[in-house]
Amino acid sequence: MNSEKTLVQGRSAIVVGASLSGLMTSLALARAGLEVTLLERSARKSRTGAALPVAEGLLGRLTGQPETGQQSVPSGAQAWTDIHAALRDAVVADARIDFRAPVLVTSVGEDRRSAWVSADGGEVLRADLLVGADGHRSVVRVSVSPDTPDAEFSGYVIWLGLVDESAISSPAWPSDLAILYEGDYCLNAYYLPGEDGSTFTGERRLGWGWYDAGHNELLRRSGVVKGNVVQRSMRPDDMPDSLFKDLARAARHFWPDPWREAILDCLSRRSIIGTPIGEYMPDRLVTERICLVGDAAHLPSPMTGSGFSASAEDAMALGDAIERCDDLGEALRRYEDRRLQAAQGLVRSGRSFSRSFAPRGAAQ
Ligand SMILES: Cc1cc2nc3c(=O)[nH]c(=O)nc-3n(C[C@H](O)[C@H](O)[C@H](O)COP(=O)(O)OP(=O)(O)OC[C@H]3O[C@@H](n4cnc5c(N)ncnc54)[C@H](O)[C@@H]3O)c2cc1C
């Protein structure tokens with residue numbers, strides 16, 4: 001059944017996508033006084049091995065409130081899942097944010113009076129501002145950059161895994177991070193706090209991300225990459241036995257313990273995810289009522305290690321611009337002025353890694 005709802009005139013926003021960017025942006029917009037409706041297509045909690053650097057006092061800066069013991073995002077290198085859980089708790093506790101999942105947004109648009117989203121159940125929602133925080137395959141990006149809506153496959157994948165340190169018998173690595181190059185591979189491996197936050201040796205987790213330009217044919221055959229466009233991540237159910245064998249053989253040959261042991265443990269449990277890497281260079285971030293943040297706005301190679309911090313900067317810059325300027329179109333232009341060049345620089349720096357790591361790009 002079709003239904004149409006218009007949110008409060010003058011002070012309302014719809015945010016599409018409730019991953020890290022969408023959660024941070026919703027908090028920043030609520031702080032700026034907007035009534036926010038946050039829409040997420042997935043009800044599933046994902047578990048990846050990705051680790052992200054969290055700046056000191058992130059949640060306080062987003063919400064404008066002092067952090068408390070119950071509500072904070074720990075700083076330093078943190079597991080993606082832990083950051084997501086802490087931001088989600090803060091969003092759920094904020095009465096100005098209406099968080100709805102699962103809601104799949106199928107199309108978006110704007111006119112002189114409002115911006116709108118259409119959801120798969122037939123519902124149409126209208127608000128003053130629409131924010132696309134919907135990641136690398138953004139639906140909202142099509143409205144901002146109709147001529148260049150797609151991120152491009154960069155010609156390599158990152159295999160990710162995470163394991164409790166208590167399952168690993170090899171001696172600990174002497175530092176918290178290792179970046180190792182061997183043959184056609186690059187391994188980023190790191191210690192993360194345990195699920196209870198412990199940073200003591202034996203109680204942490206080992207995360208690893210293995211860049212691999214040698215399995216592109218498999219990515220295409222399984223449909224996770226089509227043409228030049230990444231469709232989705234590859235999950236264990238999509239992975240043939242031969243892939244686990246290939247990776248185990250290469251891990252034994254190339255990587256030192258404890259990372260070798262961690263990788264073999266994840267492979268034996270079939271607990272890995274493969275994310276084909278895409279990159280997107282923006283030439284704009286806004287229209288009159290629509291804007292993009294995070295990976296929807298700019299998609300750098302994860303090798304830059306900065307996609308998350310850029311997403312946090314987007315959220316704060318957008319919140320500041322809205323708070324300081326009554327005219328929405330002008331606020332969005334200020335947001336773009338503050339963020340576009342930095343975002344382009346970040347994507348450019350990732351591209352130089354991609355070109356040296358996978359020189360033939362998507363063609364290989
Ligand atoms: C493997 C990997 C390693 C990384 N490592 C680092 C690092 O070391 N340092 C760093 O700073 N950054 C890193 N990043 C980047 C960082 O994770 C992202 O920049 C950051 O998490 C922001 O992502 P996002 O929320 O913008 O997008 P996403 O995480 O892609 O979230 C988009 C959300 O939108 C939802 N959605 C999409 N379409 C719709 C729709 N039509 N309707 C409703 N909902 C929708 C999705 O379900 C999802 O929840 C890494 C990324 C990857 C993939």
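Whatever order the structure lists ligands and atoms in, that order sets their numbers, starting from 1. In what follows, residues are counted from 1 in the order of the sequence shown. All values below come from the heavy atoms of this structure, side chains included, with hydrogens, waters and symmetry mates left out.
The closest side-chain donor-acceptor pair between Ser233 and Thr275 falls under 3.5 angstrom. If you check the side chains of Glu110 and Ser143, you find no donor sitting under 3.5 Å from an acceptor. Side-chain polar atoms of Thr199 and Tyr191 form no donor-acceptor pair below 3.5 angstrom. No hydrogens or angles considered: nothing links the side chains of Glu203 and Ser166 as a donor-acceptor pair under 3.5 Å.
Distances below 4.0 Å separate heavy atoms of Pro53 from the following atoms of ligand 1: 9 (N), 10 (C), 11 (O). When each atom of ligand 1 is checked for a heavy atom of Gly135 under 4.0 Å away, the hits are 27 (O), 30 (O), 32 (C). Atoms of ligand 1 found under 4.0 Å from any heavy atom of Ile158 (numbered from 1 in listed order, with element): 1 (C). Heavy-atom proximity to Val139, at under 4.0 Å, picks out these atoms of ligand 1: 41 (N). Proximity to Leu160 (heavy-atom distance under 4.0 Å) selects the following atoms of ligand 1: 1 (C). Below 4.0 Å from some heavy atom of Ser311 lie the following atoms of ligand 1, by number and element: 19 (O), 22 (C).
Considering both main-chain and side-chain atoms, Glu40 comes within under 3.5 Å of ligand 1 through a nitrogen or oxygen pair. Polar contact check, Ala18 against ligand 1: no nitrogen or oxygen pair lies under 3.5 Å apart. Checked against a 3.5 angstrom limit, the closest N/O atoms of Gly305 and ligand 1 fall inside it. Any N or O atom pair closer than 3.5 Å counts here, and Ala51 shares at least one such pair with ligand 1. Ligand 1 has no N or O atom lying under 3.5 Å from any N or O atom of Ser42, backbone or side chain. Taking distance alone, with nitrogen or oxygen atoms compared against 3.5 Å, Gly307 approaches ligand 1 more closely than that limit. For ligand 1, the polar-atom distance check finds an N/O of Phe308 within less than 3.5 Å of one of the ligand's N/O atoms.
The environment of Arg232 atom CZ is dense: over 12 non-hydrogen atoms of other residues, nucleotides or ligands sit within 6.0 angstrom. Taking a 6.0 Å sphere around CZ of Arg61, one finds it holds 12 or fewer heavy atoms contributed by other residues, nucleotides or ligands. Annotation for Glu56: atom CD does not count as buried by contact number, only 12 or fewer foreign heavy atoms lying within 6.0 Å.
In terms of protein heavy-atom proximity, atom 53 (C) of ligand 1 is nearest to Thr275 CG2, 4.0 Å. Protein heavy atom at the shortest distance from atom 44 (N) of ligand 1 is Arg41 N, 3.2 Å. Ranking protein heavy atoms by distance to atom 25 (O) of ligand 1, first place goes to Ser21 N, 3.0 Å. The nearest heavy-atom contact from the protein to atom 4 (C) of ligand 1 is Pro302 CB, 3.5 Å. The protein atom (non-hydrogen) at minimum distance from atom 34 (O) of ligand 1 is Gly17 CA, 3.2 Å. For atom 19 (O) of ligand 1, the nearest protein heavy atom (residue, atom name, distance) is Asp295 OD1, 2.7 Å.
The option with the heavy atom closest to atom 33 (C) of ligand 1, from among Gly294, Ser19, Pro276, is Ser19. Taking only non-hydrogen atoms, the option from Val16, Leu52, Val54 nearest to atom 17 (O) of ligand 1 is Leu52. Comparing heavy-atom distances from atom 40 (C) of ligand 1 across Val103, Asp314, Val105, Leu38 singles out Val105 as nearest.
Contacts between Ala133 and ligand 1 below 4.0 angstrom, taking non-hydrogen atoms only, involve the backbone exclusively. Contacts between Asp134 and ligand 1 below 4.0 angstrom, taking non-hydrogen atoms only, involve backbone and side chain alike.
Relative orientation of the Trp159 and His215 rings is perpendicular, given thresholds of 30° and 60° on the angle between their planes. In this structure, Trp210 and Tyr185 have perpendicular ring planes: the angle between them is above 60°, well past the 30° mark.
Using a cut-off of 4.0 Å between Lys/Arg side-chain N and Asp/Glu carboxylate O, Arg249 and Asp246 are scored as salt-bridged. For the pair Glu165 and Arg204, the salt-bridge criterion is met [side-chain N within less than 4.0 Å of a carboxylate O].
No side-chain heavy atom of Ile97 sits under 4.5 Å from any side-chain heavy atom of Leu29.
Side chain of Asp111 to backbone of Arg113: a donor-acceptor contact under 3.5 angstrom is found.
Results of the side-chain contact (heavy atoms from CB on, under 4.5 Å) test with Val105 over Val16, Leu125, Leu130 single out Val16 as the only residue that passes.
At least one heavy atom of Ser309 sits closer than 4.0 Å to an atom of ligand 1.
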